[in-house]
There are 2 protein chains.
Amino acid sequence: MASIKDVAAEAGVSVATVSRVLNDHPSVSAEARTRVLAAVDVLGYRRNAVARSLRTDQTHTFGLVISDVLNPYFTELARSVEEEARALGYSVIFGNADERPELQDHHIRNLLDRRIDGLLVSPTDGGSPLMLDAARAGTPMVFVDRWIPGVDVPVVQADGRAAVRDLVAHLYGLGHRRLAIIAGPAATTTGRERVEAFRAAIAEYGLTLPDDYIGQGDFQAESGRRATERFLDLPEPPEVVFAADNLMALGALDAIRARGMRVPEDIALAAFDDIPWFVHTDPPITAVAQPTGELGRAAVRALVARIEGRTPKSVTLPARLVVRRSCGEPSPEPSPEASTEASTESSTESSTEPSPAPRPSPAQRSKP
Amino acid sequence: MASIKDVAAEAGVSVATVSRVLNDHPSVSAEARTRVLAAVDVLGYRRNAVARSLRTDQTHTFGLVISDVLNPYFTELARSVEEEARALGYSVIFGNADERPELQDHHIRNLLDRRIDGLLVSPTDGGSPLMLDAARAGTPMVFVDRWIPGVDVPVVQADGRAAVRDLVAHLYGLGHRRLAIIAGPAATTTGRERVEAFRAAIAEYGLTLPDDYIGQGDFQAESGRRATERFLDLPEPPEVVFAADNLMALGALDAIRARGMRVPEDIALAAFDDIPWFVHTDPPITAVAQPTGELGRAAVRALVARIEGRTPKSVTLPARLVVRRSCGEPSPEPSPEASTEASTESSTESSTEPSPAPRPSPAQRSKP
DNA sequence: CCTCCTCGTGTAATCGATTCCACGAGGAGG
DNA sequence: CCTCCTCGTGGAATCGATTACACGAGGAGG
């Protein structure tokens with residue numbers, strides 16, 4: 001493969017001049033420029049990014065380490081991250097941690113060795129020494145979706161509290177009182193926060209969240225199934241199961257079906273994370289939708305800011321409730337809405353208006 | 001960040017010795033080795049992959065350019081590719097072409113500039129000059145899923161013909177005679193092959209595939225919706241719609257719902273590509289399942305073989321039919337089976353036995 | 001005791017770019 | 001006409017590794 005030297009020879013100039021042309025440095029004569037460009041064309045020269053990176057100490061690349069590619073939420077996140085990165089002149093190397101800390105470390109190590117300019121991470125756990133060291137050593141880093149407390153790294157995340165409150169209002173309005181949740185791993189912030197948001201919202205209605213109604217999951221479908229089976233084995237099973245992510249909701253649906261029960265007639269189901277498929281499940285699933293695309297874009301902007309030496313702030317965007325049929329009561333959404341939902345990029349993501357859910361005044365109820 | 005020079009100084013040896021230790025070259029004394037290792041530890045040294053790649057002219061990385069990350073089929077493919085690559089000591093850089101040739105070119109250019117060791121491509125189109133040049137110039141390349149005729153590049157793909165024949169048998173057995181297909185882009189092999197397989201299978205039953213019953217799609221949900229609407233507007237609409245990929249099936253489902261029609265009572269639906277969500281849609285969708293994981297692994301093995309100088313052969317693995325309820329007749333699969341289906345890695349992928357579908361002897365029927 | 005090999009090590013070239021510095025030509029200003 | 005600046009250019013150092021080659025020490029064999 002032709003190098004800059006070959007181009008220089010072909011054009012009859014020095015390598016310095018070729019390099020200047022390639023980086024359009026101002027002080028190059030028009031004549032030299034055209035000669036170089038011609039030579040580049042003739043030889044089919046392509047700049048060697050490896051050599052360039054070695055010299056300039058920047059790769060114009062960053063790493064994105066996510067917890068599970070098979071989770072459509074992360075897939076969409078990855079997609080929006082790549083898009084925004086491309087728009088800003090960066091490439092992205094993905095690492096799939098598969099919810100396994102050691103795999104996460106493998107990818108971080110690998111990315112660090114490749115001298116990526118920055119790291120976007122959705123941590124699987126509480127933070128390995130490797131990751132913490134990298135952060136402290138000054139590797140530009142931004143957490144997205146999940147984060148690790150006690151580290152000085154900007155966080156880009158969705159705040160689901162209002163939407164979860166809307167969800168509980170919706171459930172309460174439908175007459176449900178025994179509400180259960182399948183939590184994510186306690187090592188993750190989203191694993192903990194979602195339970196807390198749920199518990200707080202429930203408390204506003206004077207209800208409680210007994211330990212029996214907290215299933216321990218790991219954000220994978222299988223754990224959702226197991227947790228749901230345990231719920232159903234309870235002497236007094238819950239009326240509603242709220243899964244803290246979409247895959248566990250899928251597992252829950254499986255478990256419910258396996259018992260020959262129906263949603264929502266026998267038990268209601270809701271999920272955190274909305275995905276296009278939820279429109280088409282039987283029944284369509286009520287979910288808390290994160291502004292995934294915007295999250296990814298904001299994370300990239302923050303990371304690029306850090307790479308360029310600025311100090312970005314953390315970003316929190318609101319999630320919103322999307323009511324469908326899985327909690328009872330026919331969905332109020334007209335059929336055209338189903339069409340809109342299915343499209344990849346939901347254009348109605350701005351969400352100033354939190355939700356169409358019926359909302360009794362909770363403050364009054366929680367007092368007595 | 002510490003370099004090999006710093007390590008050499010710390011250990012009191014030359015950079016050559018450090019390098020030897022790091023690459024465990026035999027001729028290094030035990031004493032020097034321990035000193036170097038200690039220095040590496042003290043300084044927290046990490047080898048600079050950029051510099052190493054420049055010198056050795058290999059990156060231990062390859063690129064995977066796929067057509068659409070949001071398509072669960074490709075997501076799973078990407079996942080299995082990364083896994084196998086990691087097992088063989090390679091990293092993978094993904095490029096999402098979003099079914100757009102110019103984006104595909106962007107990624108190929110980018111990957112080539114980064115001097116990846118090889119390229120795994122599922123081409124969006126008939127092949128850009130850039131890609132063809134790269135192939136001819138000797139860049140190790142392997143096509144996966146889709147391919148381009150006339151280029152000497154190994155192909156790893158699934159053969160869906162038997163499964164499609166099984167599908168048609170299943171449909172015929174259920175009494176359906178007017179069968180329509182939503183095709184993928186004619187520029188892709190899968191876009192063409194699936195139509196041909198369908199047409200051939202239909203012919204065995206003495207049926208034909210009129211032009212009106214061939215919808216033109218682009219493997220995206222929206223196109224599936226449009227094609228289905230056109231089918232439904234026909235004076236004599238088809239009894240079955242077969243979508244050539246899972247996203248178009250989703251779009252078709254949308255379009256059918258929007259008219260207030262039901263699957264399978266009013267119209268049957270089947271898809272190419274099976275995905276976990278198809279178990280949970282309303283109704284569960286009958287699909288042709290590719291051995292996605294095995295495809296990804298085989299592709300990686302072939303590419304690594306090429307990189308290492310061997311000349312791998314193309315690989316074709318059989319797809320198989322998975323019957324569910326979307327074509328009529330209650331699914332014969334007992335409910336435990338639904339559980340198995342939902343798991344990420346279907347362990348029953350070997351598929352010696354093609355399908356449980358009823359299969360009249362088609363040869364006799366096609367003769368008269 | 002001399003010669004030859006082997007072994008461990010260091011010096012320096014190299015990969016393909018970027019960029020500092022020096023240099024010569026030519027124009028402007030005195 | 002001389003001086004000084006600007007502009008375009010080239011030479012060479014540099015980034016952090018790998019590796020060919022040289023070299024000295026020490027052991028084996030004659």
Side-chain angles (χ1 to χ4, degrees), chain A residues 1-40 43-61 89 91 109-117, chain B residues 1-40 43-61 89 91 109-117:
Chain A
M1 189 155 256
S3 81
I4 200 175
K5 227 181 215 159
D6 304 317
V7 176
E10 172 79 20
V13 297
S14 73
V15 292
T17 300
V18 175
S19 177
R20 288 196 189 95
V21 171
L22 261 30
N23 296 292
D24 41 33
H25 188 89
S27 74
V28 181
S29 68
E31 203 241 332
R33 167 165 284 114
T34 54
R35 284 234 304 284
V36 168
L37 259 21
V40 163
L43 299 172
Y45 169 79
R46 311 241 70 229
R47 170 207 252 121
N48 185 330
V50 175
R52 172 173 236 247
S53 292
L54 176 60
R55 185 61 237 254
T56 60
D57 201 34
Q58 36 175 315
T59 50
H60 273 277
T61 302
S91 298
R109 221 186 320 270
N110 182 21
L111 292 164
L112 255 24
D113 283 3
R114 299 187 120 78
R115 299 300 192 267
I116 42 99
D117 294 341
Chain B
M1 189 155 256
S3 83
I4 200 174
K5 228 181 213 160
D6 304 317
V7 176
E10 172 80 19
V13 296
S14 73
V15 291
T17 301
V18 175
S19 178
R20 289 196 189 95
V21 171
L22 261 30
N23 296 293
D24 40 34
H25 188 90
S27 75
V28 181
S29 68
E31 201 241 331
R33 168 167 284 115
T34 54
R35 285 234 304 283
V36 167
L37 259 21
V40 164
L43 298 173
Y45 169 79
R46 309 241 73 228
R47 167 207 254 123
N48 186 330
V50 175
R52 172 173 236 247
S53 293
L54 175 61
R55 186 59 237 256
T56 61
D57 200 35
Q58 38 174 316
T59 50
H60 274 276
T61 301
S91 298
R109 219 186 321 269
N110 182 20
L111 292 164
L112 254 24
D113 284 3
R114 297 187 121 76
R115 298 301 192 266
I116 41 102
D117 294 341

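Numbers restart at 1 for each chain; the letters A, B, ... are given by sequence-line order, proteins then strands. Note that the structure is a prediction, hence the values are computed from the model and not measured.
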Which part of the nucleic acid, if any, lies within contact of B/Asn23, taking any heavy atom under 4.0 Å across all strands shown: a base, the sugar-phosphate backbone alone, or nothing?
->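 The residue B/Asn23 makes sugar-phosphate contact but no base contact.
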Taking the side chain as every heavy atom from C-beta outward, state whether [X] and [Y] have any pair of such atoms under 4.5 Å apart.
| X | Y | result |
| --- | --- | --- |
| B/Ser3 | B/Asn48 | no |
| A/Leu22 | A/Tyr45 | yes |
| B/Arg47 | B/Asn23 | yes |

Roughly, in whole Å, what's the span from [atom1] in [X] to [atom2] in [N]?
| X | N | atom1 | atom2 | value |
| --- | --- | --- | --- | --- |
| A/Met1 | C/dA17 | CE | P | 10 Å |
| A/Gln58 | C/dG16 | CD | C1' | 17 Å |
| B/Arg115 | D/dA17 | CZ | P | 21 Å |
| B/Asp6 | D/dA17 | CG | P | 9 Å |
| A/Asp57 | C/dA17 | CG | P | 18 Å |
| B/Leu54 | C/dT14 | CG | C1' | 9 Å |
| A/Leu43 | C/dA17 | CG | P | 12 Å |
| B/Arg47 | D/dT19 | CZ | P | 11 Å |

For the side chain of A/Arg35 and the backbone of A/Ala11, is there at least one donor-acceptor N/O pair under 3.5 Å apart?
->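 At least one qualifying donor-acceptor pair exists.
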Main-chain N/O of B/Val15 paired with B/Ser19 side-chain donor or acceptor, under 3.5 Å =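 No, the answer is negative, given that no donor and acceptor are paired below the 3.5 Å cut-off.
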Where do B/Leu37 and B/Val21 come nearest, in terms of heavy atoms and distance?
->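 Looks like CD1-CG1, 3.5 Å.
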What's the shortest heavy-atom distance between A/Leu54 and B/Ala51, and which atoms?
->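 Where A/Leu54 meets B/Ala51 most closely, the heavy atoms are CD1-CB, 3.7 Å.
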Value rounded to 0.5 Å, distance of CG in B/Leu112 from CZ in A/Arg46 =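 Separation between the atoms: 7.0 Å.
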Roughly how far, to the nearest 0.5 Å, is the CD1 atom of B/Ile116 from the CG atom of B/Asn110?
->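 Going from the CG atom of B/Asn110 to the CD1 atom of B/Ile116 covers 9.5 Å.
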Where do N or O atoms of nucleotides 5-10 of chain C meet protein N or O atoms at under 3.5 Å, pair by pair?
unit_1, atom_1, unit_2, atom_2, d
C/dT9, OP1, B/Ser29, OG, 2.7
C/dT9, OP2, B/Ser29, N, 2.7
C/dT9, OP2, B/Ser29, OG, 3.2
C/dG10, OP2, B/Ser14, N, 2.8
C/dG10, OP2, B/Ser14, OG, 3.0
C/dG10, OP2, B/Thr17, OG1, 2.7
C/dG10, O6, B/Arg20, NH2, 2.6

Between C/dC15 and A/Asn48, is there an OP1 or OP2 to side-chain N/O distance shorter than 4.0 Å?
->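 For C/dC15, OP1/OP2 do not have a side-chain N/O of A/Asn48 under 4.0 Å.
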hbond_proxy B/Arg55 side chain to C/dT14 base (donor-acceptor, 3.5 Å cutoff) |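 Present.
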Toward the 5' end of DNA chain C, which comes first, A/Lys5 or A/Val18, by nearest nucleotide?
->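 So the residue in question is A/Lys5.
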Please work out the stems of DNA chain C from pairs that are Watson-Crick or G-U wobble with both distances under 3.5 Å, keeping only runs of three or more consecutive pairs.
->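 Stem list for DNA chain C: C:1-30 with D:1-30.
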